[in-house]
Structure formats: structure tokens, C-alpha cells
Amino acid sequence: MAQASSFYITTPIFYVNDVPHIGHAYTEVAADVVARWHRQAGEDTWMLTGTDEHGQKILRTATANDVTPKEWADKLVAEAWKPLLETVDIANDDFIRTTDERHERNVQKFLQKLYDDGHIYTGEYEGYYCVGCEEYKQESELVPGAGEYEGQLVCAIHSKPVELLHEKNYFFRTSAFAERLLALYEERPDFVQPESARNEVLGWVRSGLSDLSISRSTFDWGVKVPWDESHVVYVWFDALLNYITAAGYGQDDAEFARRWPAQHLVGKDILRFHAVIWPAMLMAAGLEVPRGVFGHGWLLVGGEKMSKSKLTGIAPSDITDTFGSDAFRYYFLRAISFGHDGSFSWEDLSARYQAELANGFGNLASRVIAMVNRYFDGVVPQAGERSAADLEIAAIERRATDASWAAVNRTAIHEAIGAVWELVEALNGYITAEEPWALAKDPANRERLETVLATAYHGLGTLAVLLSPVLPKATAKLWSALGGAGTVQEQRIDLAYDWAVGERVGTLEALFPRIEATE
Ligand code: MSP
């Protein structure tokens with residue numbers, strides 16, 4: 001039997017210095033939707049997420065809270081980061097922590113190999129370091145501070161002062177891979193997406209790469225450098241390796257061969273690490289580079305990246321407690337073109353919830369199920385002779401299935417949802433035009449009524465399958481009301497238009513109930 005093709009997708013691993021906000025949940029949801037889509041297309045899918053627990057930033061937070069960094073990380077993982085997955089309904093296959101033994105041991109293995117093969121040397125570096133980014137900054141990346149930091153240079157992302165560090169440590173010869181990286185971007189134009197991200201990456205590499213300092217000796221919260229225990233591995237070098245240590249690198253060759261390479265989804269703030277340094281590290285180790293790196297945009301507040309450190313973070317549960325996890329998932333992936341920045345507003349969320357989810361999709365589902373109950377005692381009618389309008393619905397089911405799957409394969413998530421929404425709109429238009437309630441008044445129209453409701457019922461089932469990665473809760477309810485076999489998630493999404501219809505419908509509560517204004 002042919003082997004199902006494998007699909008491995010990752011999120012960044014998140015710093016545990018603070019609790020998640022909706023920007024973090026955004027990446028989680030995007031990766032989850034793409035993963036669910038591939039899984040439902042029959043691919044051997046694996047979705048990885050996790051936490052980044054070493055480095056100065058976590059150490060300082062823990063110290064300020066009078067606990068050890070490990071105690072701090074354990075608390076945040078248990079109380080904030082794992083619960084986030086429940087809050088926004090993530091079906092991840094694995095969760096890696098950089099303090100896991102499986103990770104630490106194999107980081108050392110990887111590093112030792114690079115050292116033995118001559119990719120690492122001792123050097124000195126002096127530069128401005130941003131602890132928020134855990135990264136040395138060029139002067140061009142700094143801006144004059146404001147308020148309490150007036151007169152100092154601050155990081156453009158965190159608006160906090162940078163620290164001048166002078167260190168003697170180990171360096172990775174990133175510069176040796178510039179030519180191979182450029183060849184990679186050339187040969188695989190979709191390696192870095194979207195196009196704007198690719199251009200940025202090309203610009204960085206063409207303007208020259210400097211080697212990367214990969215160890216620290218001024219603190220010890222990290223993985224020990226195997227040949228020199230007075231140093232710990234630089235937190236980014238450690239963190240990037242999670243993508244392979246979680247997939248069996250160093251300990252399970254069969255698993256690693258099955259999963260790797262991965263598709264990475266990351267915020268554009270960390271594109272350089274993923275699209276330049278990470279492939280260079282893999283090349284040095286003789287491993288395959290990632291399948292691709294997609295740099296998505298930021299959720300903005302007042303034109304700036306939403307962040308906890310700027311006190312602009314909104315907790316995901318503030319939204320899901322009122323609107324539910326399905327609406328959260330739908331809203332952020334529908335309203336923002338994936339790859340661009342976007343702003344969140346309660347007004348926009350409420351308006352889309354009402355217009356698109358409650359009125360557009362939810363009402364359609366309720367009406368069709370209710371009419372099958374009312375006019376046919378719940379028995380699913382069979383279509384008779386089909387009119388052009390009926391055939392058009394079938395054609396749109398096919399088109400929405402193909403177009404959405406093609407869009408997911410380009411990580412154009414908003415386009416995928418848009419393609420499915422054509423079917424929502426077409427079905428609403430069809431019902432308005434065909435007026436089944438009017439047909440029901442005259443027994444002479446019985447056959448036409450059967451055909452109209454059979455057509456609408458079929459379209460609704462296709463919608464349930466196509467929307468299940470985005471709206472897992474609502475579509476599960478709808479699927480059971482449709483009387484479909486098995487679960488909606490077992491249905492092939494790439495063949496959604498061809499689902500096996502049920503015999504009887506059940507009842508359906510409102511999928512997106514009215515939200516009472518709280519103010
Ligand atoms: N620990 C590193 C990543 C290591 S990956 C090997 C890190 N962590 S982070 O906690 O700061 O989270 C980074 C990711 O969170 C971003 O890349 C992005 O995916 C997401 N976001 C954080 N703030 C965001 C917004 N305001 N908007 C959108 N995504 C945001 O960097």
C-alpha cells in the first residue's frame with residue numbers, strides 16, 4: 001500500500017516569562033487549522049508546539065519572583081501555556097519543553113557534532129543585547145527611547161533599553177553558509193513565504209552574514225556546552241533545535257525520517273532565526289532543511305505589535321468566554337490576510353460573529369435542518385430531476401473543496417475560508433430564490449421540494465466537512481444533526497463534496513447563539 005504523505009507543522013515555542021495573549025493564540029490557531037486540514041486530507045500529520053524555557057529573560061523573571069527558573073517554567077506551563085491549547089481548541093500531537101530530557105540531551109549531541117566537524121570556534125563579541133528579544137542588535141535596529149528611557153537607545157520591538165555586552169564565547173560559522181542559503185532561496189522560491197518575507201530574507205543574506213555567538217558564560221540557566229561546562233548554549237540555538245529533538249533526532253531515526261522536514265509558522269519578528277540561521281545549522285549538521293518557513297504578521301494595538309511587556313496583551317479567554325473558541329479561530333483567520341498585520345477590535349469581532357457566523361452559516365444550518373424535520377419528518381429527501389440552480393450548487397461544492405485545499409497548500413488560510421464562504425453565500429441565495437416554504441404549501445410541488453431540500457442538505461454537509469478545521473465544535477454538532485456517518489473529522493476534506501449522505505436528521509440548537517451586550 002502506498003505510504004500516506006507526511007506533513008509536519010510547528011509553531012514557535014513560546015517564552016514562559018509571561019502568560020499568553022491573543023498574538024500567541026493566533027499562531028497556535030493558524031498552525032492548528034492547517035494541521036487539521038492536512039490530517040483530514042489523509043496525510044500522516046503531526047503538529048508540534050511547546051515552550052522555550054532557558055535564557056536570561058526567564059532567569060530574570062524567576063529571580064524577581066523568588067523562585068528557581070525551573071519552578072517558574074513548571075508553573076507557567078501548567079497554569080497558562082497548556083491551558084491555552086484548551087482555550088482555543090488546539091489538537092496538537094506533541095508539546096515540547098526545552099527543559100525536557102529528550103531535548104537537552106540531543107541539543108548537546110547536535111552541538112558536539114558541529115564542534116567536531118569544525119563549524120564552531122572561540123571568539124569575542126561586543127554588542128548591544130536586547131533581553132526581550134534574546135538577541136544582539138545592530139545599531140540600525142535601535143531607536144531613541146521615550147519617557148523613562150529618554151536619552152537611551154532602545155530595542156525597536158520592545159521599546160526597552162539594550163545592554164552593552166562583551167563576551168568571550170563560542171561562535172557558529174553561519175557566514176560559511178551564505179552561498180548555499182542563497183542557492184536554496186533561488187531553487188525553492190516558496191521556501192520563505194510570503195513574498196515580502198522572502199525579499200527581506202534575501203536582503204539580509206545578500207548584505208552579508210556574521211557568525212553567531214552560541215554560548216553564554218555569565219549565567220547558567222541553559223543546556224551545558226558538552227566540551228566546556230562553564231558555558232551554556234545560547235537560548236535561540238537551543239530553542240530552534242526543538243523542531244528536530246521533538247521529532248526523534250538523535251534517538252529515534254525511524255520517527256525522524258517519518259516526520260522531518262517540517263513546515264514552520266512563525267511571527268515575522270523571528271524570521272531571521274528561522275529562515276537564515278536555522279537552515280544554516282541544519283546544513284552544517286548534514287540534515288535536510290525545513291519544508292518551508294511562513295512568516296505571518298502581527299496583531300497590532302495602536303499600530304504597534306501587541307505585547308505583554310507593553311501592557312497591550314489581551315487574554316484569549318477574554319474573547320472565548322463570550323464568543324467561544326470557534327469564533328476566535330474563525331475571526332482571526334478570516335479577518336486578517338495571513339502574512340499581513342491586522343488590528344483587533346471588539347466591534348469588528350461582534351459584527352462578523354453576527355453577520356457571518358450567526359446569520360450566514362448558523363441560520364442556514366438551522367433552517368435547512370428544521371425544514372427537513374418539518375416537511376419530511378426528519379427523513380432526508382432524495383433529489384429528483386435537477387435544475388440549473390441545483391447543478392450550480394453541486395458545482396460550487398466542488399469548487400469550494402478544490403479551491404480551499406489549494407489555498408491551504410499555499411498557507412493562504414484566509415483565502416481557504418473565503419473559498420468555503422462562497423458556498424455559504426450560494427446556499428443562502430439558493431434557499432431565498434427557491435423558497436422551499438412556498439413549495440411546501442402545494443402538494444403538487446412535492447418533488448421539487450424534495451430536490452431543493454436534498455440539494456441544500458448536501459451543500460450543508462459539504463460545508464460541515466470544509467469548515468471542520470476552523471470551527472471544530474460547531475461542525476461536530478452540525479454533523480450529528482445531519483446524521484452523517486462517523487465524525488466530521490473522519491471525512492476526507494479534499495473530497496468534501498462527495499460525502500455519504502445520512503438517512504435522518506436530528507435537531508440542531510443554534511450554532512452561534514445571540515450574544516447579549518454586556519455594557
Ligand atoms: N521563544 C521564541 C521563539 C523560539 S522558536 C524556536 C519567541 N517566543 S515568544 O513567546 O516571544 O513568541 C513568539 C511568537 O508569538 C511570535 O513569533 C508569533 O508567532 C507570536 N506572537 C507574539 N506576539 C504576537 C503578536 N502581537 N501578533 C502575532 N503574533 C505574535 O519569540
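Whatever order the structure lists ligands and atoms in, that order sets their numbers, starting from 1. Given the structure is predicted, the values throughout are model-derived calculations rather than measurements.
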Next on the checklist: Within ligand 1, which atoms have a heavy atom of Lys305 less than 4.0 Å away?
Outcome noted: 23 (N), 24 (C), 26 (N)
Item to check | Element-labelled atoms of ligand 1 that are located less than 4.0 Å from some non-hydrogen atom of Gly297 | outcome: 28 (C)
Next on the checklist: Just to confirm my output: which protein heavy-atom neighbour is closest to atom 2 (C) of ligand 1, and how far is it?
Outcome noted: Ile13 O, 3.4 Å
Checklist entry - Are Tyr243 and His274 close enough that their ring centers fall under 6.0 Å? => result yes
Item to check | Pair Glu167-Ser213, side-chain donor/acceptor within less than 3.5 Å | outcome: no
Checklist entry - Hey, is Glu200 close enough to Arg198 for a salt bridge, meaning N to O under 4.0 Å? => result no
Checklist entry - Parallel, tilted or perpendicular: which fits the ring planes of Trp227 and Tyr115, with parallel below 30° and perpendicular above 60°? => result parallel
Checklist entry - Is there side-chain contact between Ser343 and Leu299, with heavy atoms separated by less than 4.5 Å? => result no
Checklist entry - Going by the atom numbers of ligand 1, which of them fall below 4.0 Å from some non-hydrogen atom of His274? => result 5 (S), 6 (C)
Checklist entry - For ligand 1, is any non-hydrogen atom under 4.0 Å from Leu299's backbone (N, CA, C, O), its side chain (CB onward), both, or neither? => result both
Item to check | Side-chain heavy atoms of Asp52 within contact of Trp236, under 4.5 Å | outcome: no
Checklist entry - What residue and heavy atom of the protein are closest to atom 22 (C) of ligand 1, and at what distance? => result His24 CD2, 3.6 Å
Item to check | Protein residue, atom and distance nearest to atom 26 (N) of ligand 1, heavy-atom basis | outcome: Met306 O, 3.0 Å
Checklist entry - Looking at atom 30 (C) of ligand 1, what's its closest protein heavy atom, distance included? => result Gly23 O, 3.5 Å
Next on the checklist: Out of all atoms in ligand 1, which are within 4.0 Å of some heavy atom of Thr27? Include the element for each.
Outcome noted: 18 (C), 19 (O), 20 (C)
Item to check | The one among Phe237, Trp298, Trp81, Tyr243 that brings a heavy atom closest to atom 5 (S) of ligand 1 | outcome: Tyr243
Next on the checklist: Would you say that Asp93 contacts Arg39 through its side chain, given a criterion of any heavy-atom pair below 4.5 Å between the two side chains?
Outcome noted: yes
Item to check | Trp236 contact mode with ligand 1 (heavy-atom cut-off under 4.0 Å) | outcome: side chain
Checklist outcome for this item: In this structure, atom 17 (O) of ligand 1 is nearest to the protein heavy atom Gly267 N, 3.0 Å
Item to check | Closest protein heavy atom (residue, atom, distance) for atom 23 (N) of ligand 1 | outcome: His21 CE1, 3.3 Å
Item to check | Tyr121 versus Asp211, side-chain donor and acceptor atoms under 3.5 Å | outcome: yes
Checklist entry - Using the ring of each side chain (for Trp, its six-membered ring), is Phe512 parallel, tilted or perpendicular to Phe361, with breaks at 30° and 60°? => result tilted
Checklist outcome for this item: When distances are taken from atom 14 (C) of ligand 1, the protein heavy atom at minimum range is Phe14 CE2, 3.8 Å
Checklist entry - In ligand 1, which numbered atoms sit nearer than 4.0 Å to a non-hydrogen atom of Ala239? => result 6 (C)
Item to check | Arg291 vs Ile9 side-chain heavy atoms within contact, under 4.5 Å | outcome: no
Checklist entry - Parallel under 30°, tilted from 30 to 60°, perpendicular over 60°: which one fits the rings of Trp260 and Tyr8? => result perpendicular
Checklist entry - With backbone taken as N, CA, C and O and side chain as the heavy atoms from C-beta onward, which portion of Glu134 lies under 4.0 Å from ligand 1: side chain, backbone, both, or neither? => result neither
Checklist entry - In terms of atom number and element, which parts of ligand 1 are under 4.0 angstrom from non-hydrogen atoms of Ile270? => result 3 (C), 17 (O), 31 (O)
Checklist outcome for this item: Asp52 heavy atoms within 4.0 Å reach ligand 1 at atoms 1 (N), 2 (C), 4 (C)
Checklist entry - Backbone, side chain, both or neither: what part of Asp269 comes under 4.0 angstrom of ligand 1, heavy atoms only? => result side chain
Checklist entry - Is Thr51 reaching over with its side chain to a backbone N or O of Val16, donor-acceptor style, under 3.5 angstrom? => result no
Item to check | Nearest neighbour in protein (non-hydrogen) for atom 11 (O) of ligand 1 | outcome: Tyr15 CD1, 3.4 Å
